[in-house]
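Working notes, beginning with the structure itself.
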Amino acid sequence: MTSRSTEGISVKSRFLYEGTPISKQKLSHLGFSPEEISHLRNSKIVKKSRSEDILNFVGILNPKYKNDNINTNYSIIVLPKYLHKKKISKEERIEHISYILKALRKYKTEDKKVELENNIFLPSSIGSTNAFSLAEYLIKDYLERGIYRDNRTIFSEKNSGRIDWKRTIESFTPIKSNNTLFYPKTIKKKRISQEHKIISNFHKYALKVSIEKFGSLLGYSFNADIIPTVENMPLIKEVLRRGEQSRVYYELIKELRGKYGSRDIKLLRNLINFISPKYSSDVNNIVIGIRNYELLWERMIMQIFDPGEKKNTTTHRIKENFSPPSWRNLEHAEITTKKPSKSIPDTISKVGKDFSKLIIIDSKYYHLDYDDFNGLFEGSNPRVNDVIKQIAYEEVIRSHNLKSQIVNVFMFPEYYGISNNKLVKPFGTVFIPGLETKKPIINCLIDTNLVLRYYVQGIYLKKNFKRTLFDDFKQIEVSLTDHLQQRDSV
């Protein structure tokens, strides 16, 4: 079987973007087999939108199909749509996707419902056929335990170790002298630990490939002296050429049969998998990431603005007041619906200790591509239904919290670069003409880089920061009201 390894270990990254068109021909050119393309479509990672297929995914794609006419020694990285057309370096893009993968792990750990919805693809790194997961295991294992070593106990007459009396008694006849038995020869045991001439060298090669290809994506930064030197390249070339027929493969199988320690067994199995992965018909073999990235986006905003266990959050407590629409007949008796549903806000953040000041947040995962100079959305923006729904949220919340001061906010993702330190940037308002009596919704851009870092590191907004935000939002409300009154008086 053909190895996934590459001799030169010269790895490049190819960047695609969520929401952009992707044809079957392009997927094939990227190295995906017809079966793998079918997996991507069936799992809605590639989905139909109007008359074309688009990428409905953020993460890493790893085609397994081997085509000698296609160089697949690269990582296919699918970035969020808000980075499309951004002029940022390769290093920044890789760092961004690295944080997204960290956020996904946390998201999956926090919310078991996510696992059931099958939106996150994070295969196990133990015995995985997914190249990224396999690399993650090899790097972590190396940092914790180092290169594979041959640990054995040697029994010999010539050893300088401790006497193994059981073996000595079984092997030799004692001599009696002065009513005392003694053994002129003894078997001694000695524990040795040394690198395995074949397996340890291949371990270094597999590790080097993993670091070169996926190290930065996993958030690692290695100095050159940390990466082990690969020796005996002719033997490595044999592995690449012969796969399961190679001497290395034979030695790995032989070594595995004599091992009992869990670490050695896991490592040896993964090294075997590195040479000869047994692919199953499963999309998890070729992807790492998330379908429907907006789910993670909403989660991160909520944890930053309204942290805590779900049942204790402000959002959860206030959501209990929301009910499905009430359907009635002409006698005003209730009509039962098969699938009652209620619309609820993404996040509700209290500013102080109580509900006297509330911020209603709708985490809008739209790529506005806002041109401030020309006052233009070059990308997509929410429609009238989104605005009306947000106004309705405020009305429902206000009906149960009559004394509360409330501001209504749309938060849109924007990438400002790694040096930015301002999380939220208000840029305008939106309201429905004819409904000016209802307060406007404040439009904000929120820095995606900071959102990811805050979420991964468990940082949430302090009360003082939220008070300042609330006051800024209120000032914008007042400014718009004054402007509209002046306009109407003219």
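Quick note: residue numbers are just sequence positions, from 1.
Side-chain atoms of Arg453 never come within 3.5 Å of backbone atoms of Val451 as a donor-acceptor pair (strictly under, hydrogens ignored). Put simply, the side chain of Ser98 gets close to the backbone of Leu217: a donor and an acceptor are under 3.5 Å apart. Lys311 contributes no side-chain N or O that, together with a main-chain N or O of His316, makes up a donor-acceptor pair within less than 3.5 Å. Of the possible donor and acceptor atoms, one in the side chain of Thr468 sits under 3.5 Å from a partner among the backbone N and O of Asn464. In this structure a side-chain-to-backbone donor-acceptor pair under 3.5 Å is present from Asn408 to Gln390. Distance alone, capped at 3.5 Å, places no donor-acceptor pair between the Ser28 side chain and the Lys24 backbone. In terms of modelled atom types and a separation under 3.5 Å, the side chain of Ser38 and the main chain of Pro34 share no donor-acceptor contact. Remark: side-chain polar atoms of Lys350 are paired, donor with acceptor, to backbone N or O of Lys353 under 3.5 angstrom. When atom types are taken as modelled, the side chain of Asn401 and the backbone of Ser404 share no donor-acceptor pair closer than 3.5 angstrom. No donor-acceptor pair closer than 3.5 Å links the side chain of Tyr148 to the backbone N or O of Leu267.
Under the 4.0 Å criterion applied to side-chain N and carboxylate O atoms, Lys140 and Glu136 are assigned as salt-bridge partners. Salt-bridge formation is not detected for the pair Arg291/Glu18: no Lys NZ or Arg NE/NH1/NH2 atom is positioned less than 4.0 Å from an Asp or Glu carboxylate oxygen. With salt bridges taken as basic N to acidic carboxylate O contacts below 4.0 Å, one links Asp386 and Lys364. The pair Glu294-Lys81 does not count as a salt bridge, with every side-chain nitrogen at least 4.0 angstrom from each carboxylate oxygen.
Between Tyr415 and Tyr82, the ring center distance fails the sub-6.0 Å criterion. Taking the six-membered ring where the residue is Trp, the centroids of Tyr460 and Tyr454 are separated by 6.0 Å or more. A centroid separation of less than 6.0 Å is found between the aromatic rings of Tyr365 and Tyr293.
Glu395 CD: more than 12 foreign heavy atoms inside a 6.0 Å radius. Residue-environment remark: NZ (Lys26) stays at or below the threshold of 12 foreign heavy atoms within 6.0 Å. More than 12 heavy atoms of other residues, nucleotides or ligands shown are found within 6.0 angstrom of NZ on Lys102. Heavy atoms of other residues, nucleotides or ligands lying less than 6.0 angstrom from NZ of Lys319 number more than 12. Atom CD of Gln245 sits in a sparse spot, with 12 or fewer heavy atoms from other residues, nucleotides or ligands closer than 6.0 Å.
Applying the side-chain contact (heavy atoms from CB on, under 4.5 Å) criterion to Lys357, with sequence neighbours excluded, gives Val351, Gln405, Phe470, Asp471.
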Going through the distances and angles, do Asn292 and Asn56 end up as a side chain to side chain donor-acceptor pair (under 3.5 Å)? CA-CA 6 Å; Asn292 301 321; Asn56 180 39; 3.1 Å; yes
Arg41 vs Asp53, salt bridge (Lys or Arg N to Asp or Glu O under 4.0 Å): CA-CA, chis, key distance, verdict: CA-CA 9 Å; Arg41 285 175 167 171; Asp53 287 340; 2.9 Å; yes
Where do Lys86 and Glu414 land on the salt bridge (Lys or Arg N to Asp or Glu O under 4.0 Å) test, with the steps shown first? CA-CA 10 Å; Lys86 291 287 183 183; Glu414 183 59 54; 2.4 Å; yes
What verdict does the side chain to side chain donor-acceptor pair (under 3.5 Å) test give for Ser349 and Asp306, after you've listed the backbone C-alpha separation in whole Å, the side-chain angles of each residue and the deciding distance to 0.1 Å? CA-CA 5 Å; Ser349 179; Asp306 186 30; 5.7 Å; no
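Taking the side chain as every heavy atom from C-beta outward, Arg257 and Ile253 approach each other to under 4.5 Å.
Ring geometry, Tyr205 versus Phe274: the interplanar angle exceeds 60°, so the pair is classed perpendicular (tilted spans 30 to 60°).
Seen from the ring of Tyr416, Lys422 does not count as a face-on cation partner, given the 6.0 Å and 45° thresholds. Taking the centre and axis of the six-membered ring of Phe15, the NZ or CZ atom of Arg93 falls inside the cone set by 45° and 6.0 Å.
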